[in-house]
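One structure is given here, and the rest of the page talks about it.
In what follows, every chain begins at residue 1, and chains take the letters A, B, ... in the order their sequences are listed. Heavy-atom basis, side chains included; hydrogens, waters and symmetry copies ignored.
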2 protein chains.
Amino acid sequence: MTGSLTIVGLGPGAPELMTPAASQALAQATDLVGYETYVNRVPEREGQKRHISDNREELMRARDALELAETGARVAIVSSGDPGVFAMAAAVYEAIEDGEPAWRQIEITVIPGISAMLAAAARVGAPLGHDFCVISLSDNLKPWELVVKRLEAAAAGDFVIALYNPASKARPWQLRHALDLISQHRPGKTPVIFAQAVSRPEERIEVLPLEEAHGFPTDMRTLVMIGSSATRTLQTAQGTIVYTPRHAELADS
Amino acid sequence: MTGSLTIVGLGPGAPELMTPAASQALAQATDLVGYETYVNRVPEREGQKRHISDNREELMRARDALELAETGARVAIVSSGDPGVFAMAAAVYEAIEDGEPAWRQIEITVIPGISAMLAAAARVGAPLGHDFCVISLSDNLKPWELVVKRLEAAAAGDFVIALYNPASKARPWQLRHALDLISQHRPGKTPVIFAQAVSRPEERIEVLPLEEAHGFPTDMRTLVMIGSSATRTLQTAQGTIVYTPRHAELADS
């Protein structure tokens with residue numbers, strides 16, 4: 001009997017930001033597959049097998065999960081945030097397209113999750129309150145020229161810009177290049193948000209003007225958001241709020 | 001005593017896609033404020049007051065909610081999807097910035113929700129698996145020229161494009177213009193997703209090639225997603241899957 005594969009978005013980390021649909025899918029799975037950090041977020045259950053893999057092997061992990069499902073397992077692949085945004089869902093469909101014909105018979109379900117950008121935005125105000133772009137700064141799977149082209153387009157369109165995967169040990173210079181590029185189009189006072197480990201105990205969120213954003217320590221767990229020409233800061237009793245109003249005008253860029 | 005204001009994302013509609021954090025905020029509120037359709041999604045609770053307002057009066061609704069909170073109420077404003085994406089969070093901060101100084105003392109919390117784009121993407125595969133733009137097609141609060149500028153930029157950057165508020169009775173022609181504009185940059189076979197009322201009983205999702213997408217019936221409850229040059233369809237036992245691979249190349253545009 002063919003099993004099933006559910007690609008589960010765990011949300012940003014706090015249990016209260018994981019949907020009941022995700023909890024239910026995790027409870028029903030015979031096998032959990034995922035990167036160690038994410039599998040460890042799921043409470044252990046008797047009889048449920050855990051298959052831990054390295055973070056960089058997404059396609060291998062997808063294939064392993066499909067093979068398990070093919071033999072009858074109810075497999076849940078766990079993903080941080082939303083599995084459809086720079087995460088496991090696309091990897092699973094890539095594996096299916098290039099894989100065994102039988103894999104197209106497996107019932108696949110994607111359970112959406114609170115993505116890092118939505119969680120980070122909620123913590124600082126409403127920076128994504130108007131038109132925005134979402135770009136992965138990783139050039140592991142695309143040429144850096146395409147990243148530059150998209151940053152240029154996002155700047156030309158005066159979009160708020162959310163940057164996933166801004167930096168890692170192997171990619172130390174990309175964020176500085178991106179901020180330099182955006183600085184040619186936007187004022188130095190434009191708010192930039194660095195949101196690390198949102199909703200987890202080690203959460204750290206900083207808001208800096210674009211002209212001072214260079215050199216701020218950033219890693220793979222950080223989401224960076226750069227304001228549009230309309231994005232504003234507001235001081236309240238809770239500190240600095242960042243938001244982008246619903247109304248907008250044509251700005252030079 | 002000053003009260004509090006929580007801006008709650010209800011998610012796309014299905015109860016299992018609303019986070020426990022949202023449920024808890026709704027349970028603790030003395031007053032619910034929101035558009036009728038969204039307030040009606042929340043089960044009635046003894047002693048909890050419901051303040052229903054028209055959908056177009058976002059700023060008025062935000063002010064009413066802040067006034068209630070100022071007098072000591074624990075107010076929850078309800079929003080469909082995520083309150084930070086073309087929804088109530090930005091309206092609340094606009095109201096605070098232009099409103100009573102005392103409103104800056106009110107404790108404001110934003111509870112993120114599964115936005116329509118994440119819910120819709122999960123139902124068809126992984127169309128947002130790579131870089132994407134999110135644009136509201138409404139020109140109620142911005143000039144149409146800015147929408148055109150952003151569509152051109154999104155096309156030039158070869159982004160997947162998610163379109164919120166694609167059409168309404170008062171705005172019947174904008175989506176056709178947007179699709180015409182994108183058609184000048186992308187092949188006629190590019191997949192376009194029309195996702196209506198995702199996760200609700202009346203859910204309807206259609207995938208059409210860009211060249212046949214004109215004239216498809218669309219309303220305010222519809223989210224439209226247009227693929228990039230890399231977005232693919234895949235036939236499985238579950239029907240047509242749409243996904244954007246994690247790897248990408250520079251394409252002409």
One pair to check against side-chain contact (heavy atoms from CB on, under 4.5 Å): A:Glu58 and A:Tyr35. What are the steps and the verdict? CA-CA 9 Å; A:Glu58 291 184 342; A:Tyr35 174 50; over 6 Å; no

Test side-chain contact (heavy atoms from CB on, under 4.5 Å) on A:Met225 and A:Phe132 and set out the steps. CA-CA 10 Å; A:Met225 289 187 281; A:Phe132 61 96; over 6 Å; no

B:Leu26 and B:Met18: side-chain contact (heavy atoms from CB on, under 4.5 Å), yes or no, with the steps? CA-CA 11 Å; B:Leu26 295 174; B:Met18 185 167 78; 4.0 Å; yes

Run A:Arg41 and A:Ser80 through side-chain hydrogen bond (donor to acceptor under 3.5 Å, both in side chains) and show every step you take. CA-CA 10 Å; A:Arg41 280 206 217 149; A:Ser80 185; 3.1 Å; yes

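Looking only at distances, a side-chain donor or acceptor of B:Ser228 sits under 3.5 Å from a matching main-chain atom of B:Ala230. The backbone N or O of A:Gly227 sits less than 3.5 Å from a side-chain atom of A:Arg186, completing a donor-acceptor pair. Side-chain N or O atoms of A:Tyr164 include one that pairs as donor or acceptor with a backbone N or O of A:Met117 at under 3.5 Å. Looking only at distances, a side-chain donor or acceptor of B:Lys142 sits under 3.5 Å from a matching main-chain atom of B:Ser136. In this structure, the side chain of A:Glu203 engages the main chain of A:Ser199 through a donor-acceptor pair within 3.5 Å.
Put simply, of B:Thr236, B:Leu151, B:Ile7, B:Ile114, the one with the most heavy-atom pairs under 4.5 Å next to chain A is B:Ile114. Between chain A and the options B:Thr19, B:Asp131, B:Val110, the largest number of non-hydrogen pairs under 4.5 Å is found for B:Asp131. With chain A as partner, the option from B:Gly84, B:Gly11, B:Pro101, B:Pro12 having the largest number of non-hydrogen pairs under 4.5 angstrom is B:Gly84. If you tally non-hydrogen atom pairs under 4.5 Å between each of B:Glu152, B:Glu94, B:His247, B:Gln235 and chain A, the highest count goes to B:Glu94. Of all the listed residues (A:Ala237, A:Gly113, A:Ala87, A:Pro20), the one sharing the greatest number of non-hydrogen pairs under 4.5 Å with chain B is A:Pro20. For the set A:Ala154, A:Ala248, A:Ala153, A:Gly9, the count of heavy-atom pairs under 4.5 angstrom toward chain B peaks at A:Ala248. Interface remark: of the candidates B:Ala14, B:Ser115, B:Gly129, B:Gly129 forms the most heavy-atom pairs closer than 4.5 Å to chain A. Across A:Leu128, A:Ile111, A:Val147, A:Leu234, the residue that shares the most heavy-atom pairs under 4.5 angstrom with chain B is A:Leu234. Of the listed residues B:Ala119, B:Ala22, B:Ala121, B:Gly125, the one with more heavy-atom pairs under 4.5 angstrom with chain A than any other is B:Gly125. Taking chain B as the reference chain and counting heavy-atom pairs below 4.5 Å, the highest number among A:Val85, A:Ile108, A:Thr244, A:Val92 is found for A:Ile108. Chosen from A:Arg150, A:Gln105, A:Arg104, the residue pairing most often with chain B at heavy-atom distances under 4.5 Å is A:Arg150. Highest contact tally toward chain B, considering only A:Ile96, A:Leu118, A:Ile161, is held by A:Leu118 [criterion: heavy-atom pairs under 4.5 Å].
Within a 6.0 Å sphere centred on CD of B:Glu249, heavy atoms belonging to other residues, nucleotides or ligands number 12 at most.
For A:Pro15, the part lying near chain B is the backbone, with the side chain staying farther off; criterion is any non-hydrogen pair under 4.5 Å. A:Ile135 touches chain B through backbone and side chain together, each having a heavy atom under 4.5 Å away. With a 4.5 angstrom heavy-atom cutoff, A:Tyr93 touches chain B via backbone and side-chain atoms both. Residue B:Met88 does not touch chain A at all, counting heavy-atom pairs closer than 4.5 Å. Residue A:Arg123: no heavy atom, backbone or side chain, is found under 4.5 Å from chain B. If you measure heavy-atom distances from B:Ala162 to chain A, you find no contacts under 4.5 Å at all. The contact between B:Phe86 and chain A is made by backbone and side chain atoms together, counting heavy-atom distances below 4.5 Å. Interface remark: B:Pro127 contributes no atoms to any contact with chain A (heavy atom separation under 4.5 Å). Neither the backbone nor the side chain of B:Gln24 comes within contact range of chain A; no heavy atom of the residue lies under 4.5 Å from a heavy atom of that chain. For A:Ile241, the part lying under 4.5 angstrom from a heavy atom of chain B is the side chain only.
Using a 4.5 Å heavy-atom cutoff, the side chains of B:Asn140 and B:Arg171 are in contact. Between A:Val124 and A:Ile205 there is a side-chain heavy-atom pair separated by less than 4.5 Å. A 4.5 Å side-chain heavy-atom check between B:Thr109 and B:Ser4 finds every atom pair outside the cut-off.
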